[in-house]
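Throughout, a chain's letter reflects where its sequence line sits, starting with A, and its residues are numbered from 1. These values consider heavy atoms only, across backbone and side chains, with no hydrogens, waters or symmetry-generated copies.
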Amino acid sequence: MTGERISDRVPDFARRLLAWFDEHGRHDLPWQHPRTAYRVWVAEVMLQQTRVATVIPYFEAFMAAFPDVTSLADADQAAVLERWAGLGYYARARNLHAAARVIRDQYGGRFPREPEQLAALPGIGPSTANAIAAQAFDRPAAILDGNVKRVLARLYAVEGWPNATATARQLWQLAEAHTPDYRAADYTQAIMDLGATLCTRARPACDDCPFAGDCHARAEGRTAELPHGRPRTGREQRRRRETTMLLIRDGAGRVLLTRRPPTGIWGGLWSLPEAEPGAEEEAARALGLTVRPEPPWEPLEHAFSHFDLTINPVPARLQESAGLNSPAGGVMDGEEGIWYNVATMERPGVPAPVATLLARIETDNEVET
DNA sequence: TGTCCACGTCT
DNA sequence: AAGACGTGGAC
């Protein structure tokens, strides 16, 4: 190694960061007590796209339902998705479940410790693999999540979009150069905490930052500009489109749901049936329902987390005539497992309840033009 | 109320 | 490589 080391530009970075962390960092996160590999893994995957405050209640419920990797592996995917509903990016839950089965079947239920082994599991990339290795096994592995990218990009005024190949390579080098060979778990948490609580995207609290005097972005008055945003290419080639979700209730007020296909948006989740805009009347006619004549349609605060009905598939011919994009279904009586055909809303020996198409929920979709 | 866009992994 | 995935923070 010749000349100045990158990490020497901010003398004693790790020790100063850890000193800040000991006083101001987050030490009461649920996955820190106890800090097992399983809990760290689930938390890291939940945190991949979601903020701490949102994750905590989901994490607690998930741990109650699946206390260890074996119970997760033994569960049905549907039960896992149920605990994930509302968190978004549902491929994370499918990957989590698949990885649990790999750990059960190929590793005897024990977590691999090598970052390369972790990164080979579904849903675990380089950053999450190193985060688990550091947090769970105290390995001096560098992480580079969004928080760390922001801290390093500002500290060294790194130009370029952080996800661009060249910029990412530069940031990885910085991340590795700063990672100490001691207190790896604490250091990993510390640099994420710095980014999450002080070095925020908007209005960073530089006055409280131990590295304000070292920060190039700060010195140049460019904290609002760095890190650079994604290049805006081709935006004008996209437009917004509305799709329509049908809210259908039977005579007892129950909502009809459909299971979405296993991949794609909201994959594997129960959802309202979807129709092309304006297809409400046609769908209702095909389903033998009564359309409520006048708007306003009823809004849904959250369409996918609070329904407890299940449904069964109906023939593709009916889907088509009803103008439904995804498989429609019949109402399942949860306790007895008896289902109604949505087309007729009747079952043998029981009078048919009246069903009404009550509302239309419009969602935004960006599509290629 | 609406619009923009972050975040890590997969494809 | 560059876009999909989805929710929610920021404005």
(request) Take the protein atom CG of A/N163 and the nucleotide atom C1' of C/dA2, then report the distance between them rounded to whole Å. (result) 11 Å
(message) Quiz question: by atom type and distance under 3.5 Å, do the side chains of A/R150 and A/N147 form a donor-acceptor pair?
(response) yes
(request) Take A/H27 and A/F21 through the test ring pair (Phe, Tyr, Trp, His ring centres under 6.0 Å) and record every step on the way to the result. (result) CA-CA 9 Å; A/H27 303 272; A/F21 171 76; 4.4 Å; yes
(message) What is the separation between atom OH on A/Y89 and atom P on C/dG6, rounded to the nearest whole Å?
(response) 8 Å
(request) Please lay out, stage by stage, how A/E159 and A/L226 fare under the test side-chain contact (heavy atoms from CB on, under 4.5 Å). (result) CA-CA 8 Å; A/E159 309 290 342; A/L226 295 171; 4.2 Å; yes
(request) Starting at atom CD1 of A/I56, determine the distance to atom C1' of C/dG8, rounded to an integer number of angstrom. (result) 16 Å
(message) Measuring from the side chain of A/T128 (C-beta onward, heavy atoms only), which nucleotide among B/dT9, C/dT7, C/dC5 has the closest atom?
(response) B/dT9
(message) List the residues meeting salt bridge (Lys or Arg N to Asp or Glu O under 4.0 Å) with A/D186, not counting sequence neighbours, and say none if there are none.
(response) A/R35, A/R183
(request) Please figure out whether A/A91 or A/A164 has its closest DNA chain C nucleotide nearer the 5' end. (result) A/A164
(message) What is the distance, to the nearest angstrom, from the CZ atom on A/R94 to the P atom on C/dC5?
(response) 11 Å
(message) With a 4.0 Å limit, can you tell me whether A/K149 has a side-chain N or O closer than that to the phosphate oxygens OP1/OP2 of B/dC7?
(response) no
(request) Have a look at A/T165 and say if it touches a base, only the backbone sugar-phosphate, or nothing, with a 4.0 Å heavy-atom cut-off. (result) sugar-phosphate
(request) Determine: side-chain N/O of A/Y90 to OP1/OP2 of C/dT7, distance under 4.0 Å, yes or no. (result) yes
(message) Looking at B/dC10, I'd like to know if its phosphate oxygens (OP1 or OP2) sit under 4.0 Å from a side-chain N or O belonging to A/R92.
(response) no
(message) Tell me the interatomic distance from A/L47, atom CG, to C/dG8, atom C1', rounded to whole angstroms.
(response) 15 Å
(message) In this structure, how many angstroms lie between the C1' atom of C/dG6 and the CE atom of A/M46, rounded?
(response) 15 Å
(request) Return the value, rounded to whole Å, for the distance between atom CG of A/L81 and atom C1' of C/dG6. (result) 14 Å
(message) To the closest 0.5 Å, what do you measure between CZ (A/R154) and CZ (A/R201)?
(response) 9.5 Å
(request) Can you sort out the partners of A/R139 under side-chain hydrogen bond (donor to acceptor under 3.5 Å, both in side chains), two or more places apart, ordered by chain and number? (result) A/E114
(message) Using heavy-atom distances to pick each residue's nearest nucleotide on DNA chain B, tell me which of A/H228 and A/L121 is more 5'.
(response) A/H228
(request) Examine A/F62 together with A/F66 and report whether their ring centres are nearer than 6.0 Å. (result) yes
N/O to N/O distances under 3.5 Å, protein versus nucleotides 9-11 of chain C:
none

(request) Quickly work out the A/L171 CG to B/dC7 C1' distance and round it to whole Å. (result) 15 Å
